[in-house]
2 protein chains.
Amino acid sequence: MTAKVKPINQVACKDCILSTLCLPIALKIEDIDTLDSIIKRGKPLRKGEHLFFQGDTFSSIYAVRSGALKTYTTTDDGVEQITGFQLPSELVGLSGIDDEHYPVSAQAVETTMVCEIPFEKLDELASTLPELRRKLMQIMSKEIREDQQMMLLLSKKNADERIATFLLNLAARFRRRGFSSQAFRLPMSRNEMGNYLGLAVETVSRVFTRFQKNGLIDANGKEILIKDSMTICSLAGGKPVNQANDSLTG
Amino acid sequence: MTAKVKPINQVACKDCILSTLCLPIALKIEDIDTLDSIIKRGKPLRKGEHLFFQGDTFSSIYAVRSGALKTYTTTDDGVEQITGFQLPSELVGLSGIDDEHYPVSAQAVETTMVCEIPFEKLDELASTLPELRRKLMQIMSKEIREDQQMMLLLSKKNADERIATFLLNLAARFRRRGFSSQAFRLPMSRNEMGNYLGLAVETVSRVFTRFQKNGLIDANGKEILIKDSMTICSLAGGKPVNQANDSLTG
DNA sequence: CGGTATATTGACGCCTGTCAATTTAAGTGG
DNA sequence: CCACTTAAATTGACAGGCGTCAATATACCG
């Protein structure tokens with residue numbers, strides 16, 4: 001994996017390489033220190049360990065520092081639906097604010113470190129820092145928007161389009177974090193991908209095989225190389241994106 | 001339709017019968033007046049008219065006073081996905097906070113009145129009213145939670161389960177507003193329902209016919225009577241709900 | 001290196017979308 | 001209020017995409 005940056009445990013917010021992506025982006029230096037003071041840095045979660053379970057009392061939101069999480073809901077009859085994957089700098093737990101309890105479980109899909117942000121304190125802080133309040137609302141608004149795009153995907157797109165959309169989405173998120181958007185490692189299994197995308201594992205596997213056969217990607221297990229992003233883009237339903245600002249020519 | 005309550009145009013927030021459902025629930029009397037002062041009450045929208053279009057500059061969120069709205073996204077290739085229906089007291093436009101533009105269009109599915117809440121002013125108000133700020137975050141959190149439940153529906157449920165879930169969801173929302181949850185009128189067309197639920201109109205129609213044949217509901221056009229809520233509940237994937245606190249015995 | 005989880009590939013069937021034809025409802029003008 | 005037009009809803013026939021089941025191959029891990 002092309003790791004240009006590596007978050008280190010216990011680093012202060014203002015020194016964290018994720019600071020431009022995480023909450024602090026909107027804060028002044030001294031405010032960042034205030035935010036910093038309420039954040040607890042937890043010990044790493046190993047793959048499969050849970051950060052919290054559906055039904056647990058809501059108390060904190062979490063920011064991923066390294067690794068990746070998944071969140072999922074379980075219905076009364078045991079059906080599971082993954083509702084999202086969280087990469088470094090992304091927040092998890094926002095859906096618990098309204099209720100006393102988290103409506104989802106959060107689990108590490110690989111070794112993961114998180115910052116815990118007690119919501120009570122964050123809320124207090126938000127009352128004195130307008131920038132922070134705005135940023136929080138923006139993050140929640142963005143999540144609503146993205147979830148609704150998932151509704152579109154699940155409701156209207158076929159298997160090829162779903163996988164293409166998913167790969168591009170991941171690619172874009174990796175790029176924002178300074179990684180290559182053409183070559184990356186999927187943090188999740190085929191099973192988890194299928195669950196998230198509303199597809200059977202077998203279908204995911206078949207699409208990957210076909211994409212590879214048609215020269216769209218090069219997939220070696222979880223290692224992915226995007227070879228024909230034009231075609232993938234058009235499959236995903238967006239306009240083709242030129243790759244000028246990616247690692248090839250950047 | 002069993003209309004127990006009827007919002008009247010130009011009524012102040014503190015006199016609005018929706019006040020316990022809408023934002024003001026968390027506010028003290030004098031604060032409600034402050035909120036009241038920033039709200040613009042618009043003229044009614046006729047069925048089919050738009051409140052805003054996808055891509056329009058974001059400036060306000062809106063509260064539905066009467067009638068119903070739908071929000072939908074349109075992809076580059078013209079595919080439409082309805083992302084939600086908004087009933088009286090519900091907010092629309094929250095997904096636009098993060099960006100400069102609304103990511104969805106909002107259109108009246110029947111004659112509808114809305115309150116316009118300029119976001120700039122709401123945001124200012126939120127800085128001085130902690131209760132308002134919390135309430136806003138709760139509403140957004142709830143929307144995230146509900147959108148993720150839709151992801152579950154679209155990803156894992158079959159046609160019967162989707163319709164059952166949808167009917168129960170509507171029933172619950174009607175009940176909260178003082179209407180019967182057993183007999184109500186659907187504000188949207190079969191087409192819109194199908195679009196929202198990821199089903200073809202024909203499938204929606206067939207499921208309705210089958211539900212009726214099996215004695216689950218009585219459907220006369222848009223008029224719906226829930227006859228066997230136990231079965232519908234179990235189809236929807238939830239625990240059966242007793243009807244004690246509904247109009248039959250309440 | 002053996003045991004287990006994960007991934008791949010093939011065969012088959014079903015749910016649901018698509019196409020087409022009515023039927024019914026809604027909206028409009030005289 | 002009724003005839004006319006148009007939209008919406010229903011019903012049937014058909015087929016295809018994807019899920020399910022099963023077998024094998026590969027990767028992962030202690």
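In what follows, chains carry the letters A, B, and so on, assigned in the order in which the sequence lines appear, proteins first and then strands, with residues in each chain numbered from 1. Values below: all heavy atoms of this structure, side chains included; hydrogens, waters and symmetry mates excluded.
If you walk DNA chain C from 5' to 3' and mark each nucleotide with an atom closer than 4.0 Å to a heavy atom of chain B, the marks span C/dT16 to C/dA20.
A donor-acceptor pair under 3.5 Å links the side-chain atoms of A/Ser234 to the main chain of A/Thr231, judged by distance alone. For A/Gln81 (side chain) and A/Tyr72 (main-chain N/O), no donor-acceptor pair under 3.5 Å exists by modelled atom type.
Inter-residue side-chain proximity for A/Asp147 and B/Gln148 is flagged as met; some heavy-atom pair is nearer than 4.5 Å.
You'll find the ring centres of A/Tyr196 and A/Phe85 inside the 6.0 Å limit.
With sequence neighbours excluded, the residues satisfying side chain to side chain contact (heavy atoms under 4.5 Å, CB included) with A/Arg190 are A/Leu186, A/Met193, A/Val201, A/Val204, A/Phe208. Applying the side chain to side chain contact (heavy atoms under 4.5 Å, CB included) rule to B/Ala106 yields the partners B/Leu51, B/Phe52, B/Thr71, B/Val92; only residues at least two apart in sequence or on another chain are considered.
Legend: salt bridge (charged side-chain N to carboxylate O under 4.0 Å, His left out) pairs involving residues 78-90 of chain A, not counting sequence neighbours, sorted by first then second residue: A/Glu90-A/Arg173, A/Glu90-A/Arg177.
A cation-pi contact, defined as under 6.0 Å to the ring centre and within 45° of the axis, is absent between B/Lys213 and B/Phe211.
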Letter per nucleotide, 5' to 3', of nucleotides 17-30 of chain D [B base touched, S only sugar-phosphate touched, - untouched; heavy atoms, 4.0 Å]: -SSBBB--------

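Between A/Glu223 and A/Arg185 there is a salt bridge, since a side-chain N of the basic residue sits under 4.0 Å from a carboxylate O of the acidic one.
Between the side chains of B/Thr75 and B/Asp77, at least one donor N or O lies within less than 3.5 Å of an accepting N or O.
Inter-axis angle, ends of the helix from C/dC1-D/dG30 to C/dG30-D/dC1, five pairs per end, rounded to 10 degrees: 60°.
Contact annotation for A/Ser189: backbone-only contact, meaning every heavy-atom pair under 4.0 Å involves sugar-phosphate atoms and none involves a base.
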